[in-house]
Each structure stands twice: as C-alpha cells, then as structure tokens.
Amino acid sequence: MKNAIDTYFKPVRESYKTRVSRLGKAGIFVAFIVICVILSLVTPRFLTVPNLMIIVTQVSINALLAFGVTFVIITGGIDLSLGSMVAVTGVVAALFARQDTYPVIVPVLAGLLSGVLFGAFNGFVITRSKVPPFIVTLGTMTIGRGLALILSKGRPISNLSDSFNFIGGGQVLGVPMPIIILISMFAVCSVILKKTVLGRYMYAVGGNEQATRASGIQISNIKMAVYTMSGLLAALAGIVLTSRITTGQPNAGAGFELDAIAAAIIGGTSTSGGTGTMTGTLIGALLIGVISNGLDLLNVSSYYQQVVMGVIIIGAVVLDSVNRK
Amino acid sequence: MKNAIDTYFKPVRESYKTRVSRLGKAGIFVAFIVICVILSLVTPRFLTVPNLMIIVTQVSINALLAFGVTFVIITGGIDLSLGSMVAVTGVVAALFARQDTYPVIVPVLAGLLSGVLFGAFNGFVITRSKVPPFIVTLGTMTIGRGLALILSKGRPISNLSDSFNFIGGGQVLGVPMPIIILISMFAVCSVILKKTVLGRYMYAVGGNEQATRASGIQISNIKMAVYTMSGLLAALAGIVLTSRITTGQPNAGAGFELDAIAAAIIGGTSTSGGTGTMTGTLIGALLIGVISNGLDLLNVSSYYQQVVMGVIIIGAVVLDSVNRK
Amino acid sequence: SNQSTENSQGDGGKKLVVGATMLSMQNEFIVNVNDEMARKAEQAGVDLITVDAERSALKQVEQVESFIAQKVDAIIMNPCEVEASSPAVAKALAAKIPIINVNSETSTKPSAFVGSDDVESARMAMTFIAEKLGGKGNVVMMHGYMGQAAQIKREQGAREILKQYPGLKLIAHQTAEWDRAKAMSLMENWIQSYGTEINAVFAHNDEMGMGAVKALTDAGLKTKVIVVSIDAIPDALQAVQKGTLDATVFQNAEQQGSKAIEAAVKLAKGQSVEKETLIPFQLVTKTNVAQFMKKPD
Amino acid sequence: MLSDRDYLLTIRGLTKTFSGVKALDNVELTVREGEVHALMGENGAGKSTLMKILMGLLSPDSGEITLEGQALKNGSVNEAMKRGIAMIHQEIMAVPELTVAQNIFLGRETTGGLFGWLNDNRLNQQAKQLLDQIGVSIRPDTQMKYLSVAEMQMVEIARAISNDARVIIMDEPTSALSDKEVTTLFGIIRDLKQKGVAIIYISHKMDEIFTIADTITVLRDGQYIGTRPAAKLDIDTLIAMMVGRQLDSLFPESTIRTGKEVLAVRQLSRAGVFSDVSFTVHEGEVLGIAGLMGAGRTEIARAIFGLDRISSGEIRIKGQPVTIRSPQDAIQHGIGYVSEDRKGWGFVPRLSVKQNITLASLQTYASGLLIREKSETEAATKLIADLRIKTAGPDQEVMYLSGGNQQKVVIAKVLLASPDVIILDEPTRGIDIGAKAEIYKLINQLKANGIAIVIISSELPEILGLSDRILVLTKGKQTAMLSREEATQETIMAYAMHY
Ligand SMILES: Nc1ncnc2c1ncn2[C@@H]1O[C@H](COP(=O)(O)OP(=O)(O)OP(=O)(O)O)[C@@H](O)[C@H]1O
Ligand SMILES: Nc1ncnc2c1ncn2[C@@H]1O[C@H](COP(=O)(O)OP(=O)(O)OP(=O)(O)O)[C@@H](O)[C@H]1O
Ligand SMILES: [Mg+2]
Ligand SMILES: [Mg+2]
C-alpha cells in the first residue's frame, strides 16, 4: 500500500533516476560486451573456457591494484606508487619465501605488512602535509623502486618455495588461485564501499571534503584508511605476481599504476572524486585484459597493437559516455 | 591618500591576501634555494658556470613539456601523451632532417606540425566526447608510441644534418641553444598566461567551468587551445631532444609526462585546476634537474639515488606548503 | 688529462676518477658488469662513479656531459643506443677525456671498445633452435622493448638465421618489454592461439625466456617446445640445468667489467690500449652449463 | 490588451524536461521596458530553470523567446549577452582563484596595446568605480575565494549592472544580504528602471517583492499560474497562487519557558575577526544574532563549531568548559551547525538525500562497520516527510534538488544528530515562504523539546519573529543584547551601525 502511494507520487522522476543509475553502471558494460562479441566473431579461440580463465588470471593483478586505487580516487586522491609497491612487496615476500626457509604464511604476512606500511606512509604524508597526493605518491614511487632494488640488490630473487608459488600458480577445483583471490577481494572491496560506514565516508570526502568535515568526520582517518588499503591490495598484487612468475623482481610493476588508474576511470570512477564502483573498476580491468588478449590472439603486429589498444580504449569510453546521455 | 583609505578599510584582509600570494610564489623558490645552497656547500663542483649551464640545458626538455602541461592543468585537464608526442614529433622531424635532404626549416616545421595535430586531436576528442582527459591522453599516449614505431619502422633514424643538430647541440655566444629556446618559450608562455585573454580564460575554465560558460566563453575553444599548445611545446621538446642525441628515437620520451606534470605541480599548479604560474613550473623543473645533477655529482649509488630523489621532492614541497601556512 | 696523470703517478697524489654510465641498473647482466667494474676499480685504487641511464640515451648523453664538467679522468659508457648515445662519445673526445664503450657499440668510435656484438648472440640462439628442430618448424619470438638497440640487434641476428632456414616459420612475434610477467602472459595468449603449433620460442632476454618457460610448463607443453634466450642470468642457468630452458647465451660480464676498467685506467694514464677487445659469446646448454654456474653468494 | 510588440521580452510556450521530468510546462512570461517583474514560486517551481534558458545556459524543448521583437535563437550565452541580457545567478557563479575585478569583467576584458594585452590596472579601476557605485568596499584585486558569501553576491550584482544590459535577471540576489545592502540594491534597481532596463526579480522575501516589483508572475510545479500587477495583489493572494493553499501565520506563537544553560561563550575572540563576544543560550531558548554583512556572525559560529581556531575566550557546555578543536569535538559536545554556505559546507552533491541526512550520525545507523540500510532509510524518510523535502525519494542525489530543498537536507542532517544546541546560519536562505513557515515551525518544535537555538539571520523579521533575545554585532564587536521586548527593527539597526 505504502509503496503504491510512493509510486503514484513520483512515477516520472523515479524512472528518470533509476534509468540514469542503471545506464551509468551499464554504459561501459555495454562497450565491454560489444568488444567481447566482436572478438568472439573474429577469432574462435577467444570464447573458450581456458582462454577466459587465462584472461581473468592475467587481469587479476591489475584488478587488485585498481580496486585499491578506486578507493583512493573516490576520496579525490591518486596513487602513483602502486607499481613500486608491487615491486617492494614482491621482493619482501620473496626474501622470506625462499625454498626451505619459512612456512608460506611468513612471506605472505611480510609482503602484506610491507604494503600496509608503504600505504600508511603515503597516507601519513598526505594527511600531515599539504602536499598533493600526486607529488607524494610520485615521490614514494621513486623511493619504492629504489627500496626494491636495494632490498634485492638489483637482482631477481628466485627459488621460491612451492607452497608460495601455489598462490599465483595453483588451482583449487580447477580454478586458478589468482581468480579466487580476485573474486574474494572484489567481494570484500564492494562490501566496504557500499555497505560500510568507511565506504560512505569515502564518497563523502571525495564529494565535498568541507561538508564532510563539518559533519564531524575526521578526514585524515579516511584518507589514511584508503591509502593503507591501496598499499594492502598492492601487496596482494605483488605477492600474486611474484608467485606467478616464481621470482621476486625489483623492476616488476613498472607502469602498473597507469593501467590500474585507467581501469578505475574506464569503469566510471571520476578523478574529481565522489563517484565510482568496484563493479565498474572490475569491468574496466577486464576490458583492458580482453583487448590485450584479443590483440595477441589476432597476432596484430606490436607496433599496431599499441595504436589499436589506444583507439579501442578511447572508443569504449566514448561509447560509454554516449550511452549515458 | 587613496591607498590610505584602502588600507583602512580592509587591513586584515589585505595583509592576509598579499601574504598568501607572495608566499605562494616564493615557497618552492625558497626550497629550491635551500637545496642549491646545500649542494654548493657539499660539493664544490655544483656551483660552477659549466655545471649550471649543463643543468639548465638538461632541464630544457622537461621544462618545455612542463610549460605545455601547465596550461593544460590550469584548465583542469591532464596530458599523459607528452612523452609519446616527443617521440612522434622527434621521429617526424628526423625523417625530414636527414643529411643532404631538406633545409633545416622543413624538419622543424614538420615536427611542430605533427605536434600541433597530435595535440589538436587530444583536444578534439576531449571536447567532443565526455571522456576524461586522463583516459583520452592515456589512449593517445599508447597510440603515439605505436605511431612513432610505425613511422620509424622501429629503428632509430640517424645521420641528421648538421644544421638540424645545431638546434640541440649548438651554441650562440656561448649559450647552448636549448637554453635559448627554453628562455624564449618561458617568456612566451608567461605572457600568454598572464597577459592575454586566452590565459585569463584558462584560469577561469579551471577555476569554475560553469561560471566561465555562464560568462559567454566558449569552453571548448580554450581546451582545444591548451591541448594544441601542449602538443606544440612537446614537438619543440621532441625536436630539441632529437637534435641533441642526433637521432630520431621511436622510444624516446617514455615517462617524460610524469616528470613534466611533477614539475608543474611542484611549482604550485593545482591538479584541480585554476592555479599555476610559469615561474613556478620553471622552478619545479629546475628543482628536479638540480637534485638529479647533485645526486650524480655526489656519486650517490643509483639505487639510493631514487630513494633520495623521492625524499627530496616530497621534502621540498612540504617545505613549500609549510612556508605557505 | 696531463695534470691528472701526474697526480695519479705521485704516491700521495689524487686518485683517478672514472665515471661510468650504465644502460640500466635494473638489468641483472648490467649489474653484474658493474659489480665487476667496482671490484676492479677498488683493486686499482680508482674512484668509480656509477650512474644509471635508465635506458634513456638522452639521460646518458647528459650524464656524460656531467662527467665532462666534473673533469673525470676517463669515462666508461655502457651505451643505451647505437646512434643516440653517440653524441656522448663525441663530446668526451672533444673534451679530451678518454671514453670506453663497454658491452655494446656506438656509431661514433670511442677511445676503446670492450664487449661483444649483440647480433651474434641472437645468431647463436637461433642457430641452436634451427639445429634442434632440424631446420623445420614454427618459431615465435619475444622482443625486448621495441626500438631499443638490444632489441633491434637481437631481432636482426635472429632473422638472419631464419632466412638461412626456409623451413623455419616465424609464426608470431611480439614485445614483452624485457619483462618476465609480461612474457608469461604473452606466452599464455600464444598458447591459446597456436596451441601445439609452436615448436620453439626465442626470447630476446632470459627474463622473458623464463616467463615463457613458466607459461609453457603450466600448460603442460614445455616438453614439446624449445625455449632459448640470451644473457645467462643465474635463474636461466639453473633452468638450463633442470632442462626447462633449452639454451641461453652467455656473455661474460666479469671480463667485460674488468677489461673496461683496465682500459680506462690505462687511457687515463696516457697509455695505449687495444682499440677493440672482443669478448666472445658462449652458448650454454645442458651439456656445458656446469662450468657457468657460480656458487650462490 | 497588450500585444507582444509592447513587451521588451516575451517568452511563450516554454517547456523543459530533465530526462522525463517536466521542470517547465508551457510557461509564458512577458516583461516590459523599465519594469521590475517578479517571478515567484515555491522551491523547485522552475524559476531558475526558466531564467537559465533565457540566458542560453539551458536549451528548451520547445517554446520561443523574443527580445525587442526579434527571436533569440537560444542555446548560447554569448547571444544572450550580446542581445543585452545579464544575470545574477542563484548559486554564486564565480571563479574563486580570479580577483574580484577579473570576475566582474570575465568574458568582457578590456584589452589594449598592439597585441591586445590584458590591463589589470584598468580593470581594477573600472571595478572599483562599479563597487563604489553599489556601495561596497571590497578591493578589486582581492581573490574571489577570500570573500564572504554576501560579498560575492555584491560582486555578482556589480557584474550584472556593468553590462549595460536591457534585461537583468536577478535570481535571489539578496539571499545572503542584510537590509543595508538590500536598500542599496533597490536604489540601483530604481536607477536602472529609469534607464528603461527591465529587471526580472526572483526572491523568497515577500517584503522585498512588494517593495520593488511592478508586476508579478507566479509559477507552480513548472506550470504558469498567472501574471498580475503588484499593486493589485496582497500577500495572502500571492501565497495562495504560489502554494495553491492558504498559509497560516508565518511566525507561530510560542510560550516556552527556558530551562538550564546549554551553551555559554565568554570573551570569545578570534584575532582580526571578532573579539570579546559573550552570550548564553538556554534549553528552549532562541538567541538571535544580528548584524550587518561582515559583522563577524558567521565567524563566531564557525569558531564555536570548531571550524576555525579561537585566539582567546571560553566555551562552556552545560556549565562545563570545553575545548573544541574540530567539528567532531563540537558534535560530540552536542553542538549542531547549519552553514550559510550550503554548497561549500553543507551537503555532498553526489550523495543521495538519505546519505546526506545521515552523514553526521551514520554511526547510529551502523552495527559495527556495516550500515543498517533499513533503519537508515527509515530515519531519512521520516525527516524527508517532516521537513517536506521535495525529492523523488531518499535515493535522489542532492545535486538534482532545488536550492531550497538542498537547504532542508542540510537542516535534516544536523537535526538527525540530535544536538542540544543548534546554530543556524541564515537557515532560510533561498527557501520559499511555505518551507520557511515549516522551518519556523520546526524551530519552535525544537524549542519545545528543550533544544537551545542560535539563529544568525540577515532578515530582521525572522530574527524578531523567532528570537527570545538578540545579540547585535558591529565589526566583530558585541554592541547590544536585546530582550524580545526591547527589540525592534529600528533598535537593532541602530546598534548594528553603532561604530
Ligand atoms: N540538471 C537538472 N537535472 C534534473 N533535474 C533538475 C535539474 N535542474 C533542475 N532540476 C529540477 O527542476 C525543477 C525546477 O528547478 P529550479 O531550480 O528551476 O527551481 P526554482 O524554482 O529555481 O527553485 P528554488 O526557489 O529552490 O531556487 C526542480 O524539481 C529541480 O529538481
Ligand atoms: N577566509 C577569509 N579570509 C579573510 N577574511 C575573511 C575570510 N572569511 C571572511 N572574512 C571576513 O571576515 C569578516 C567576518 O565575516 P563573516 O562571514 O563572519 O560575517 P557575517 O557577519 O557572517 O556576515 P555575512 O555572513 O553576512 O557576510 C568579514 O569582513 C569577512 O569578509
Ligand atoms: Mg532557483
Ligand atoms: Mg554570515
């Protein structure tokens, strides 16, 4: 009964609103589907279970980073240190993951801890100083790369234990571990963003920092939280990567930050803060992964591959924004 | 007399305001001077005319890019395609600069034209679609890299004419050409920003796009202009670089965009748009150059160099913002 | 340089200063060369300033300019590019500072060259593949970062050999940017594309070779596909020993490093040296891998 | 009967839909030369939308606009400006980083020299003249971001009249102004009328309308209701046209006895802004703070709420001295604050109505980390109903609400945190008369519930109608504390201008 009245009152507006939000989420999804359909048509090898598995596995590292940076961008910040965090945490994990040393939990915790510390350091500097996140994380990007090189003495760290290598290379019931990690982190991050107080505050800080402050919310806590979470997720990505290639690489992850930020923005997160969803980011990351896989499958020459990649990404987002109008 | 009245009316406000703007400009300059003084004290090789010449020459390419991206960031945009534009324009110029082919004006104009077209394409996509500049220029960054490889067939283009190589390697009255180009472009860009209607509108668009539109200003023209100018300056940087290394390199300029953006932001340009000066950007670029030179002079090991570089950049901007309070 | 010669010869005189600009200190092989240079420099009582050009020829030229301004006694350059690093050589020579190229060449001839020809390493690797496959089969190639000297030369060497064996077909080639993770993804995608059609992989460096090995092993195809790469980094040597990597090409980092310092010291002191010291490559396979394995530090 | 030729401006059959919602439905408006034409309607009636279309900021779905007999092609601000239309926007349209002078002449810069250089000195001089003309002493080279909302509004006025326009749209130009500035503005409007300029005037302040308007057009829910000469309308009829029903008295009688002291402020100072301010507010009491623009009222509120630092003085809550360093502290001590700058400090535009309402008390609607959506929605829905917030539903984004409804959302947010004392800074800014009455009713209800209220307002009737005691400020100094009996418009103004 009550619902009936509500519906009666605002039939037109309601439909407007729902339509906008539905399309807002669906836009890039449509573009993504279009690209997948095209790829399925031009190459029969695209739409096979093993290939899709491979795509998702490959996407997992970028997606983990993109989840973290989505939190950050929603609050109006940016994190350029993602790639370096991948390297540092991967090297740290690898140092503890050498065969016949510690049980697998030690390198994992060490890696995660280093990511948390790195991220918290970003957050600390950003909240205590007035230095823009762009500069702070650009600085820690350089610092992190240096640290990874110092820690590893500039050399790959290999001979990691089998149990550690299982994280990136193993399967559970036929599903590769990275996919399992990806899905669980997607769930966790979605819940944090949509269902928790912290998530709500992230949107608030990014949407209007002043009004959020005037609502009695400690802005610096929220920012600390997002940069730390970004560090934690980068560490997870670093561990998965290290385990996948069974080597701690000091120069791993270079440029990953741009891909992760791109995934978030393609997925509808606005660099001005206050908007974004994990689903969008996931689709953004999948989109990049699918294009890259498709171009390899089609054996597009490496020069043209870059051109095509750029064109498709811009095209997809144009399609998205046209859809939204 | 008139001033006396003014002073009487808003004593608090006025002093507050002038203090802010004075320090705002001086802040990073102070940090810059502090670093220079420290370097002069720790190494006698720093404060010598040849070394200072070298620093400025080395800074010129980054500074040219930073000038362009300052325009872009002031309007609230971003340009990630700078590095790729350097490569494309450098390759285009080199194609026309081979010994015994065309007079030097041809490669220069060809390079500049390609930069203008590239930048205009960025501007066109950004103003016609609703795609965020981050994604558009990330896309064209990839596209540009591919184009540079295609145009050069993936190989460096060498044997350039002496007159072309003079642009980056020659001297006029003992002053290296890149410095001359740097200083003249600094003057031109400063004037555009401070003294022309276009410059004024850049600040307006970045400060409040809606209000600017409500003042009858065609936003898209301003944006077209800044991205095109960014392309033009990137082309100039590409030509200087190509001439300096006497080779058209398809993979030149990778990562330059981050340094250029960093220079602008260190110099006080805000990523949210509406503020920034060319002087600040120049100091930002010089700061990066001086640190890099200083670390080389002090023979800091290359891994630690990255750590120190990151720390100093963050530190300099912290110093700046503390100063500003 | 006269002055510094005098100084270095005096007992309590100033130490010789040698500036070195290295292609990339994130590359294990280069780090090894540099480590040897450092060791050798210490033995010789020389100050070695090492800077990292981070694969940028421009940066390298600038670093050499810096060395010249600092008036170092000799410069060792591990060139990023054949052409683009040449102005550095010209500038050093113009300033009358001896410059030694280590590992790879520039088009402008330096005071001395210590190293080997990258094209040759790829020839060796591809020849191994051709022989293993009996001159017939499908090959894929993983490029380094496109447009870089090492990538160009290694591609050139590989293609020379491919031309000699019309039975070998290059069915796909793509860049994995020297990176193990990227190479692994690329290999995974190729496996989806070509499956068992692939008979051999040639990767421009060991990092990528190791990535390919990993992807092939995961897909259960390693036994059917030959993988060969270049550099002989410890991981690769281990893999050769285990039989997962079929071959790699050894470049003698230690010799390159020590010979470069030797040449630098001699030139700084005004003595003459060989214009070219070529250090040959060696193909490493399971049969001879033991002699290349070092005990871990 | 007048034909269209007799009008300077005619708008006919104008319709505008925002993705399916009719914001304007076949609306008309006819304005004569030299008249002040008031455009009236509740919040969300479509007034601003109509004006934005006229200004070329929005394009209509259908309808036509003619100015001086010639059609406006619509869709370009440039065209509107060239044809002599200027507008003072409801939401301040300023570029914060540019100076006052640069803002005033934005898009119309005078350039000189061979290359057409900007000449900021000349711009400043021209701006100074304009500002003098409207009687404000703001330095033209001050950056806009350092101005108070009121000062910005004066700059917007200066900007609109600098244009030699034929038609000037004033969309709530006085919402942040006090009586003194309003009087100045009316003087300017009369001058403009003399010159044959037509003014379209939008305001929710009834007394202003009857002082200045010649003709009144009323909109309701996007529909055209009618146009009447102002002289032939009385306030009740006008309200009836606007809201479609009769409204009871604006200020409900309240006889509530005040209780214990809730907030006390002793010798509060903030260097250079205000000094030695002391007052107390008790349970169930309304303290009004009056003063001219820039008197420091907002600054006092911000300082008490922890948004700005105080340099000396003491704040006591229920007798206990407290230190307040942040809004968080203030909220914990039971203080609520509704800012005068709702866009800047009030709401988060992209969050929904519900999310904004619960923003300051979200912990109450969460178990541990997880938000209890159901109870959150219930709480928000109740306030939406109580405050009659006109919204598609609790999940509508606040950015799509009309200004008045946005204000109500901010009030709802503060109320939900159930404070002991509420500081309302210009709480009815931009709010229509019906909603105003509701807010006044609400204030009385809060009173009845024993909540202490501090109300800062530039509308003297509001202060007089609601307050039990009135504190008057002049240039950051406390000049009087008047009881309800002592207070009249005249006494307040006398103390407010007491230097
Ligand atoms: N961009 C928009 N998108 C969707 N709806 C809008 C938009 N702009 C305005 N509206 C809606 O159109 C209606 C009219 O709004 P308008 O701002 O014209 O009201 P108003 O009469 O000026 O109200 P107020 O007195 O509060 O300023 C409102 O319901 C508002 O929510
Ligand atoms: N950020 C600021 N920097 C410098 N001065 C300011 C700043 N904000 C406000 N002021 C000035 O401080 C004085 C007090 O302003 P405040 O906003 O508190 O006045 P008010 O009495 O609330 O009046 P109103 O809100 O009507 O303008 C004014 O002169 C104002 O211009
Ligand atoms: Mg309105
Ligand atoms: Mg106020």
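Chain naming here is simple, since letters A, B, ... match the order of the sequence lines and numbering starts at 1 in each. Just the heavy atoms: all of them, side chains too, but no hydrogens, waters or symmetry mates, feed the values below. None of the values given here were measured: they were computed from a predicted structure.
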| query | Given a strict heavy-atom distance threshold of 4.5 Å, which part of C:Val31 is in contact with chain B: side chain, backbone, both, or neither? | reply | side chain

| task | Give, as side chain, backbone, both or neither, the part of C:Leu48 having an atom under 4.5 angstrom from any heavy atom of chain B. | result | backbone

| Considering all heavy atoms of both residues, which atom of C:Glu81 and which atom of B:Asn251 are nearest to each other, and what is their separation? | OE2-ND2, 4.0 Å

| field | Spatial distance of atom CD (C:Gln148) from atom CZ (B:Arg155) [nearest 0.5 Å] | value | 13.5 Å

| remark: Under 4.5 Å to a heavy atom of chain C? For B:Leu297 that would be both

| remark: Of all heavy-atom pairs linking B:Thr246 and C:Pro87, the shortest is OG1-CG, 3.4 Å

| Given that the side chain runs from C-beta out, which part of B:Phe256 has a heavy atom under 4.5 Å from chain C: side chain, backbone, both or neither? | side chain

| remark: Scored by heavy-atom pairs under 4.5 Å with chain B, the best of C:Asp52, C:Ile49, C:Val51 is C:Ile49

| request: Give a yes or no answer on whether the side chain of C:Glu83 reaches the backbone of B:Ser158 with a donor-acceptor pair at less than 3.5 Å. | output: no

| field | Non-hydrogen side-chain atoms of C:Ser66 and B:Asn293 separated by less than 4.5 Å | value | yes

| C:Thr50 side, atom OG1; B:Asp296 side, atom CG - distance, nearest 0.5 Å | 10.5 Å

| note | Most heavy-atom pairs under 4.5 Å with chain C, out of B:Ile61, B:Thr57, B:Leu149, belong to B:Leu149

| request: Would you indicate whether B:Phe166, at its atom CZ, is surrounded by more than 12 heavy atoms from other residues, nucleotides or ligands within a distance under 6.0 Å? | output: yes

| request: Answer whether the closest heavy-atom distance between the side chains of B:Gln305 and C:Met25 falls below 4.5 Å. | output: no

| task | Working to the nearest 0.5 Å, report the span between CD1 of B:Ile245 and OG of C:Ser86. | result | 10.0 Å

| Do the side chains of B:Ser302 and C:Asn34 get nearer than 4.5 Å, heavy atoms only? | no

| query | For C:Gln60, is it the side chain, the backbone, both or neither that has a heavy atom under 4.5 Å from a heavy atom of chain B? | reply | neither

| query | Heavy-atom distance under 4.5 Å to chain C: side chain of B:Gln58, backbone, both or neither? | reply | both

| said: If you count heavy atoms of other groups shown closer than 6.0 angstrom to CD of C:Glu42, is the number above 12? | reply: no

| Heavy-atom distance under 4.5 Å to chain B: side chain of C:Lys71, backbone, both or neither? | neither

| chain C interface, residue from B:Ser301, B:Pro250, B:Pro156 that has the most non-hydrogen pairs under 4.5 Å | B:Pro156

